A.B. asks: 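Sharing a structure here in structure tokens format.
Just so it is clear: chains get the letters A, B, ... in the order the sequence lines come, proteins before strands, and each one is counted from 1. No experiment lies behind these values; they were computed from the predicted model shown.
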Amino acid sequence: MTEVKVTNLSKSFGSFKAVKNLSFQVSRQEVVCLLGPSGCGKSTLLRCIAGLEIPDGGTIEIGGEEVFNGDSGLNIPTESRNLGMVFQSYAIWPHMTVFDNVAYGLKVRRSSKNEISDRVQKALKTVKLEGFEKRFPSQLSGGQQQRVVLARCLAYSPRLLLLDEPLANLDARLRDEMRFELREIHEKTRTTMVYVTHDQGEAMAISDRIIVMNEGTIIQIGTPHQIFEEPSHPFVARFMGDNNVLEGFVSVFDSCTVAVDVPGLGSVRCRGPASRPGSASISIRSKHIVLSQKRPDGENTFKGIVSRSVYLGDSIEYSVLVGETSLRVKSLNTSIRFMPGEDVWVQLNIENLRCFLEGSDGKG
Amino acid sequence: MERVNSKNIIWTLTVAAVLIINVYPLFWLLWGSFTGPEGFTLKYYAELFNKADFGRMFKNTWVYALGSTLLALAIGIPMAIAVTRTNMPFKNFIRLGSTIAFVSPPWLNAMAYIFLFSPNSGFVNVFTDKYLGFKILNIYSMTGMVLVSGLFLYSYVFITVSGYLESIDSSYEEASVVSGASKLSTILRITIPLARPSIVTATIFSLIMSWGMFATPAILGIPVKIYVFATEIYMLLNSFPPKIELSAVVAVIFSALAIFIWFLSSKLSRSEDIGKYVTIGGKGGKKIEIDLGPYRFLMAGGGILLIFSALIMPYLIVLLMSLSKTWFFELSWNNLTLANYHYVLFELSNLWIYLKNTLVLAVTVSLGVIVIGTVVSYIKVRTRIKYRRHLEIAAMYTIIVPASAFVIGIIWTWIKPPLVLYGTLWLIFLGQMSRSLPFGVRNCSDGFQQIDVSLEEAARACGSTWRKIMTSVTLPLMKYILLGTFVLTFLSSARDLLTPLFLAAGSAKTMTLSVAIYYLWGETRIGESTALSIMLILLTLIIYLPLQKVLERSTDLDD
Ligand SMILES: Nc1ncnc2c1ncn2[C@@H]1O[C@H](COP(=O)(O)OP(=O)(O)O)[C@@H](O)[C@H]1O
Ligand SMILES: [Mg+2]
């Protein structure tokens with residue numbers, strides 16, 4: 001069942017188009033991440049759903065009910081959309097105790113005293129903050145403040161929870177911990193969530209589906225596994241980290257393979273049919289590149305020179321210069337270490353290469 | 001829909017109030033200076049320029065304003081740097097003393113310095129005449145006026161510059177010290193250039209404030225016929241028949257000059273924000289402390305001497321004057337008396353009216369300023385309403401119009417039908433509102449800017465309406481800023497002499513304590529006048545001190 005339905009949404013600031021004609025849906029009880037580099041319009045999109053920004057056009061439905069329609073001019077104000085929202089800056093009211101912060105949404109909804117206190121207790125229990133009711137926000141740590149904000153939204157059981165980079169202000173260790181807790185909280189409450197982040201690890205850990213955005217448009221929608229393993233666009237491959245993306249053009253093609261000429265590297269053979277020559281990008285994960293001292297058998301072997309070698313304990317990271325192209329290589333075999341200046345052979349296994357042809361809508 | 005309407009009604013009323021209080025009088029001021037019975041005319045301008053003493057008055061005004069400003073800068077800037085960036089001892093004492101000096105009645109110092117330096121009976125002059133054979137200073141002179149005004153204006157410079165320095169990070173200076181620069185060159189090359197915007201602002205506003213200052217040049221200058229802009233206007237209004245057209249001309253000339261200078265300075269400091277640094281206070285983390293070595297005691301000595309001569313000594317002297325039988329205090333127990341207080345309390349007719357007027361004005365003006373200030377700055381900071389920038393300018397520009405010029409506009413506006421307010425407290429209320437509104441708008445804007453907008457958005461997302469957000473989130477978070485604004489406006493209204501004096505129309509019904517003090521002084525009833533001054537100070541202290549405690553505690557809580 002669909003909880004959020006965004007259709008052809010756009011939003012400009014002056015002449016700058018922050019969100020360009022976006023459409024997507026979020027199912028009930030689903031956690032969906034909006035993932036993309038900073039400045040790509042994620043927050044703007046989220047704030048449009050919340051009603052804090054008024055879009056220029058398109059429609060937004062929440063729970064089957066239209067809350068915004070650019071054509072008819074319908075715009076249900078934020079306070080009537082029955083949402084919860086978590087801000088990057090927490091936005092805990094400093095002049096209210098934890099109890100009052102969490103109770104706010106219930107008081108606004110004119111719940112009875114007993115109900116308020118029951119629900120506040122329950123929400124605080126969900127976020128593991130029992131016993132903190134009388135504290136003021138300034139007496140809490142960053143992680144605890146984050147929990148208060150979550151409890152504040154959960155207390156009145158909104159139909160949709162919007163989170164804008166909620167973990168960005170926490171230190172790395174706490175952030176990892178909170179990822180799992182957010183997931184746990186979702187297991188308990190089953191609230192539909194739209195979650196904005198620029199951190200791919202966070203998106204992978206938390207979401208059922210990821211929407212990758214760039215420059216105000218959606219690049220790919222899919223499960224974390226799909227996004228990671230089958231990026232549909234070089235941008236996604238690049239953004240999901242750890243990928244080497246090489247630009248070239250198709251020189252030879254047949255029904256099942258293509259040869260892509262990468263300037264400064266050479267010709268690389270990839271899977272995938274191509275119907276015509278044209279530009280193409282190739283991506284390969286750094287852990288999939290194989291280094292060896294002697295020339296290996298098979299296709300796609302290149303001679304290079306190690307320019308950097310960093311020992312990381314469980315792996316070794318190299319930069320290898322092949323012609324003019326620098327490749328990032330991650331070797332899990334720590335028993336052999338190449339040193340800078342050493343000659344190595346590089347093999348790009350055809351099984352691990354993804355090829356994106358220009359002009360075929362990013363689909364490789 | 002009901003919600004949208006209530007918002008719109010508040011907006012409309014506020015815009016109307018700002019226009020009536022701040023903009024409308026300017027129009028009538030111009031009207032008054034350019035029209036005669038026969039319509040448009042320049043004859044009053046011609047009359048003024050042909051007046052024999054106009055040139056002298058013009059020159060006096062500049063000498064007085066520039067002299068006071070330079071003195072204030074020479075004292076205020078080094079003290080501000082010493083207090084915010086060095087290890088000088090007694091910082092808090094100097095800071096507190098300067099703040100109190102800034103909110104003290106401006107005529108106090110003039111009275112005290114007359115006691116010390118009046119040519120024939122001044123305490124110091126008599127003393128040096130007797131033992132050294134010469135008199136140090138005749139306080140009834142341009143030098144005396146500059147000295148006394150500078151000793152007041154420094155507090156404004158100090159507060160502006162130190163507040164600014166406190167709000168900016170001292171990592172620039174730390175970087176300079178780390179890279180091996182000496183203390184002095186760090187101060188000269190880093191601190192002073194950093195403080196430049198606030199120094200430019202302090203200079204311009206000191207100039208404009210000294211054009212508006214009335215009490216000091218009136219008490220020290222009028223007896224020896226040294227007229228500056230504000231006293232000239234007063235004389236024109238009080239001549240018979242009142243030369244109200246000429247006073248409008250003088251007011252227009254000086255307003256135009258002030259606005260011109262301000263434009264020039266905003267180009268200099270590249271800041272068009274009217275009165276950007278007029279707020280009092282400012283928060284800061286830990287700041288670098290440049291080690292002054294043994295000079296820190298010298299600096300502290302200077303600071304203590306300054307607080308003594310600008311604040312403590314004048315207060316003590318005025319207290320002594322109020323307690324002495326003869327005009328000028330003699331060092332003997334026999335000379336002490338409470339008669340002046342007895343007179344003021346029990347024989348001065350209308351005391352209770354003056355007191356009531358003072359309090360009514362102070363309370364209503366303070367309330368008016370925080371209400372209008374809150375709405376105007378809310379519109380400015382939080383909405384996208386089309387002409388919000390214009391509204392802000394309309395509410396703030398009076399800060400660059402000399403006080404004594406603007407009251408003339410107010411007289412012109414309300415002296416004739418349809419609405420004659422001349423001679424009522426309303427007129428003084430309107431005058432003080434226009435004077436204090438810029439401070440209110442500035443303080444409240446700072447407040448709204450400090451409150452992250454997501455605090456309000458979070459409340460909306462929780463389902464709260466605009467009204468509920470205002471009362472449950474925004475205004476509670478603003479309460480210390482509102483309280484601080486209330487206190488400052490209250491104090492400046494209670495000690496204001498110029499507005500009630502110019503607008504009271506000489507009627508006891510609209511006189512305030514400050515006007516009564518000025519009239520008593522004019523009648524050479526020194527003891528009674530100083531006794532009433534002391535009572536006014538006590539009154540303000542009773543209100544100020546408890547609130548000051550609350551305000552201090554609130555800034556502790558924030559961190
Ligand atoms: N209120 C605004 N006025 C003007 N530009 C804005 C405003 N809000 C966001 N933008 C611009 O829109 C773009 C997208 O912003 P945002 O949605 O905050 O990005 P993200 O959250 O993905 O980092 C940015 O380039 C930003 O500068
Ligand atoms: Mg963002």
A.B. asks: Has the side chain of Arg109(A) got a donor or acceptor atom that lies under 3.5 Å from a matching backbone atom of Cys462(B)?
C.D. replies: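 Confirmed, Arg109(A) side chain pairs with Cys462(B) backbone.
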A.B. asks: Taking everything shown except Lys188(A) itself, do over 12 heavy atoms lie less than 6.0 Å from its NZ?
C.D. replies: yes
A.B. asks: Indicate yes or no: at least one non-hydrogen side-chain atom of Pro94(A) is less than 4.5 angstrom from one of Leu455(B).
C.D. replies: yes
A.B. asks: When you measure from the side chain of His95(A) to the backbone N and O of Ser472(B), does any donor-acceptor pair fall under 3.5 Å?
C.D. replies: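 At least one qualifying donor-acceptor pair exists.
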A.B. asks: Using side-chain heavy atoms (C-beta onward) and a distance below 4.5 Å, is Val473(B) in contact with Met96(A)?
C.D. replies: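 Touching, per the 4.5 Å side-chain cut-off.
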A.B. asks: Any chance CG of Leu19(B) has more than 12 other-residue heavy atoms, nucleotides or ligands included, within less than 6.0 Å?
C.D. replies: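 Buried by this count: over 12 neighbours within 6.0 Å.
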A.B. asks: Does Lys91(B) have more than 12 heavy atoms from other residues, nucleotides or ligands lying within 6.0 Å of its NZ?
C.D. replies: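 Yes, because the 6.0 Å sphere around NZ of Lys91(B) holds more than 12 heavy atoms from other groups.
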A.B. asks: For Lys17(A), does the NZ atom have more than 12 heavy-atom neighbours from other residues, nucleotides or ligands under 6.0 Å away?
C.D. replies: no
A.B. asks: Is the shortest side-chain heavy-atom distance between Glu79(A) and Ser464(B) below 4.5 Å?
C.D. replies: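 Of all side-chain heavy-atom pairs linking Ser464(B) with Glu79(A), none is under 4.5 Å.
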A.B. asks: In the structure I gave you, are the side-chain heavy atoms of Trp93(A) and Glu456(B) within less than 4.5 Å of one another anywhere?
C.D. replies: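 Sidechains of Glu456(B) and Trp93(A): no contact.
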A.B. asks: Can you say whether Leu162(A) sits under 4.5 Å from chain B via the side chain, the backbone, both, or neither, judging by heavy atoms?
C.D. replies: neither
A.B. asks: Begin from the C-alpha positions of Ser89(A) and Asp452(B) and carry the test side chain to side chain contact (heavy atoms under 4.5 Å, CB included) through to its verdict.
C.D. replies: CA-CA 9 Å; Ser89(A) 59; Asp452(B) 196 82; 3.7 Å; yes
A.B. asks: Evaluate the side-chain proximity of Arg460(B) to Pro77(A): yes if any heavy-atom separation is below 4.5 Å, no if none is.
C.D. replies: yes
A.B. asks: Just wondering, are more than 12 heavy atoms of other shown residues or ligands nearer than 6.0 Å to OH in Tyr387(B)?
C.D. replies: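 Not buried by this count: 12 neighbours or fewer within 6.0 Å.
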A.B. asks: Please check if the number of heavy atoms outside Lys20(A) that lie under 6.0 Å from its NZ is greater than 12.
C.D. replies: yes
